[in-house]
Student: 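Okay, handing you the structure first.
Only this structure's heavy atoms are used, side chains among them; waters, hydrogens and symmetry mates stay out. One is the number of the first residue; the rest follow in order along the sequence.
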Amino acid sequence: SLLAGFHSHGVAPLFGFSVFPDLKKSDEYICYIMQGGLGLPDRDYYLKEDEKSKQIRDEYVKHIARMFELCGKGTVAEPSAKIIMNLETELAKVSMTKVELRDDEKQYHKFTFGELQSKYPDLSWQTYFDLLGVKGISNLIVTQPDFFSRVNELIKTTSIADWKTYMTWNVINEAADKLGSAFEKQNFYFYSTVLEGTKEMRPRWKRMVGSTNGALG
């Protein structure tokens with residue numbers, strides 16, 4: 001239920017959902033569910049062992065903790081950051097690489113709705129799609145079946161408390177650039193300075209124009 005609510009409002013924990021033309025029958029649209037749920041750009045950031053990757057992971061954990069502190073959750077900030085990093089690393093391990101994601105054939109796995117429920121029974125698919133307002137699904141595409149197998153396992157083995165922490169982070173992270181100045185500056189520091197090397201935030205009027213243009217197109 002929570003996932004459906006988040007996904008319908010632009011917050012995307014755990015996995016993604018979209019509707020696109022069927023890649024093998026382009027005159028029909030079909031539902032796709034796909035890997036997701038990572039706060040870093042892709043799986044390699046979690047798994048590479050070079051010094052730069054390790055530094056980015058350390059900075060990411062500090063960033064999560066700082067954002068929790070800004071939300072008034074300082075007493076749980078550091079353990080929460082570790083929980084989130086551990087969960088996202090588990091998701092990264094079964095996520096496709098950037099090279100694999102260029103291969104549409106590897107991502108085309110058509111399931112009936114019954115097969116989806118049978119293969120991943122610990123996710124309440126009927127509830128999820130009902131709350132999204134998606135009715136009458138007969139077939140859909142699971143782009144990364146191994147990813148969803150691991151998600152199904154994590155649903156069973158991860159505590160509700162840890163899931164709450166992870167979901168909380170997804171809300172904070174999605175809203176960070178729309179909150180107060182301290183949130184925006186911290187978000188800029190990690191995602192723009194640490195990850196991209198950008199030293200200075202654009203003037204506020206340019207950020208506002210960019211945000212509006214991005215939303216309207």
Side-chain angles (χ1 to χ4, degrees), residues 1-47 84 87-158 163 166-177 191 195 213-217:
S1 299
L2 188 65
L3 278 172
F6 280 176
H7 287 180
S8 65
H9 287 89
V11 182
L14 208 54
F15 63 88
F17 166 73
S18 290
V19 179
F20 297 115
D22 188 325
L23 290 175
K24 295 191 177 182
K25 199 171 183 182
S26 61
D27 59 341
E28 292 185 6
Y29 281 82
I30 194 167
C31 297
Y32 289 78
I33 55 171
M34 61 210 75
Q35 68 185 39
L38 304 181
L40 291 172
D42 68 60
R43 71 187 297 278
D44 288 350
Y45 284 82
Y46 296 86
L47 306 177
I84 291 154
L87 253 177
E88 290 188 2
T89 300
E90 289 302 310
L91 296 176
K93 288 175 182 176
V94 287
S95 296
M96 281 186 169
T97 66
K98 287 186 287 188
V99 173
E100 289 172 323
L101 289 170
R102 295 180 196 142
D103 188 338
D104 287 339
E105 191 67 38
K106 282 187 177 179
Q107 299 177 79
Y108 190 90
H109 308 275
K110 185 173 280 190
F111 282 55
T112 66
F113 190 72
E115 287 170 340
L116 181 76
Q117 292 179 304
S118 175
K119 191 165 179 62
Y120 315 117
D122 290 283
L123 284 153
S124 302
W125 295 108
Q126 191 65 59
T127 300
Y128 174 77
F129 285 115
D130 283 348
L131 290 172
L132 282 180
V134 180
K135 306 294 184 183
I137 295 176
S138 55
N139 296 292
L140 73 163
I141 307 299
V142 180
T143 54
Q144 293 90 18
D146 290 346
F147 177 87
F148 284 93
S149 293
R150 184 66 180 128
V151 167
N152 193 71
E153 292 172 359
L154 289 170
I155 293 291
K156 292 182 285 188
T157 59
T158 304
W163 281 123
Y166 171 75
M167 297 296 180
T168 299
W169 166 239
N170 275 266
V171 175
I172 295 169
N173 199 28
E174 176 62 32
D177 63 346
Y191 282 105
L195 287 185
N213 190 56
L216 289 176

Student: Can you tell me how far apart SG (C31) and CG (N139) are? Round to the nearest 0.5 Å.
Tutor: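 Between C31 SG and N139 CG, I get 10.0 Å after rounding to 0.5 Å.
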
Student: Does the distance from a Lys or Arg side-chain N to an Asp or Glu carboxylate O, for K24 and E105, drop under 4.0 Å?
Tutor: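 Yes.
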
Student: Any side-chain heavy-atom pair from D22 and K110 closer than 4.5 angstrom?
Tutor: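 Yes, at least one pair of side-chain atoms sits under 4.5 Å.
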
Student: Check whether H7 reaches the backbone of P13 with its side chain - one donor and one acceptor, N or O, closer than 3.5 Å.
Tutor: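 Side chain of H7 to backbone of P13: a pair is present.
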
Student: Taking all heavy atoms of L38 and all of R43, pick out the closest pair and write down the distance.
Tutor: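 Distance-wise, the nearest heavy atoms are CD1-N, 4.1 Å.
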
Student: Return the CZ to OG1 distance between R102 and T97, rounded to the nearest 0.5 Å.
Tutor: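 Rounded to the nearest 0.5 Å, the CZ-OG1 separation comes out at 8.0 Å.
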
Student: Using side-chain heavy atoms (C-beta onward) and a distance below 4.5 Å, is L87 in contact with W169?
Tutor: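 No; the side chains remain at least 4.5 Å from each other.
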
Student: Are the aromatic rings of W125 and F17 close, with centres under 6.0 Å apart?
Tutor: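 No, the ring centres sit 6.0 Å or more apart.
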
Student: If you apply the rule side-chain contact (heavy atoms from CB on, under 4.5 Å), what do you find for L123 with Y128, and how did you get there?
Tutor: CA-CA 8 Å; L123 284 153; Y128 174 77; over 6 Å; no

Student: Evaluate the criterion side-chain contact (heavy atoms from CB on, under 4.5 Å) for residue pair Q35 and V151; output intermediate values, then yes/no.
Tutor: CA-CA 10 Å; Q35 68 185 39; V151 167; over 6 Å; no

Student: How many angstroms lie between OH in Y166 and CG in N170, if you round to the nearest 0.5 Å?
Tutor: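 So the OH of Y166 and the CG of N170 are separated by 4.5 Å.
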
Student: For residues K119 and S149, determine if any side-chain heavy atom of one lies less than 4.5 Å from a side-chain heavy atom of the other.
Tutor: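 Yes - at least one pair of side-chain heavy atoms lies under 4.5 Å apart.
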
Student: List the steps and the verdict of side-chain contact (heavy atoms from CB on, under 4.5 Å) for M167 and V171.
Tutor: CA-CA 7 Å; M167 297 296 180; V171 175; 5.9 Å; no

Student: Could you state the interatomic distance from CG (L14) to CD (E88), rounded to the nearest 0.5 Å?
Tutor: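 Reported value, rounded in 0.5 Å steps: 10.5 Å.
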
Student: Does I84 reach the side chain of T168, with side-chain heavy atoms less than 4.5 Å apart?
Tutor: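 No, too far: nothing below the 4.5 Å cut-off.
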
Student: Would you compute the distance between atom CE of M34 and atom CD of Q107 and round it to the nearest 0.5 angstrom?
Tutor: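 It comes to 9.0 Å.
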
Student: Supply the atom-to-atom distance L116 CG to I137 CD1, rounded to the nearest 0.5 angstrom.
Tutor: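 Taking CG in L116 and CD1 in I137, the distance rounds to 8.5 Å.
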
Student: Would one find more than 12 heavy atoms of other residues, nucleotides or ligands at under 6.0 Å from atom NZ of K98?
Tutor: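 Open.
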
Student: So does Y29 have more than 12 non-hydrogen atoms from other groups sitting under 6.0 Å from OH?
Tutor: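 Atom OH in Y29 is not packed in, count stays at 12 or less.
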
Student: I need the minimum non-hydrogen distance between S26 and P21, along with the two atoms involved.
Tutor: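 Closest pair (atom of S26, atom of P21, distance): O-CB, 4.0 Å.
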
Student: Is it true that a side-chain atom of N152 and a backbone atom of D122 form a donor plus acceptor pair closer than 3.5 Å?
Tutor: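 Here the side-chain-to-backbone pair exists.
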
Student: Ring centroid separation for F147 and F15, is it under 6.0 angstrom?
Tutor: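 So the answer is no for these two rings.
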
Student: Is there a donor-acceptor pair under 3.5 Å between the side chain of T112 and the backbone N or O of S138?
Tutor: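 Absent.
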
Student: Are there over 12 heavy-atom neighbours, none belonging to K135, within less than 6.0 Å of that residue's NZ?
Tutor: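 It does: K135 NZ has more than 12 such atoms within range.
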
Student: Taking C-beta and beyond as the side chain, do R150 and K93 meet within less than 4.5 Å on heavy atoms?
Tutor: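 Not touching, per the 4.5 Å side-chain cut-off.
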
Student: After noting the C-alpha distance and the side-chain angles of S1 and L131, does the key distance pass the side-chain contact (heavy atoms from CB on, under 4.5 Å) rule?
Tutor: CA-CA 7 Å; S1 299; L131 290 172; 3.6 Å; yes

Student: Report yes if the side chains of Y120 and F111 come closer than 4.5 Å at any heavy-atom pair, otherwise no.
Tutor: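 Touching, per the 4.5 Å side-chain cut-off.
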
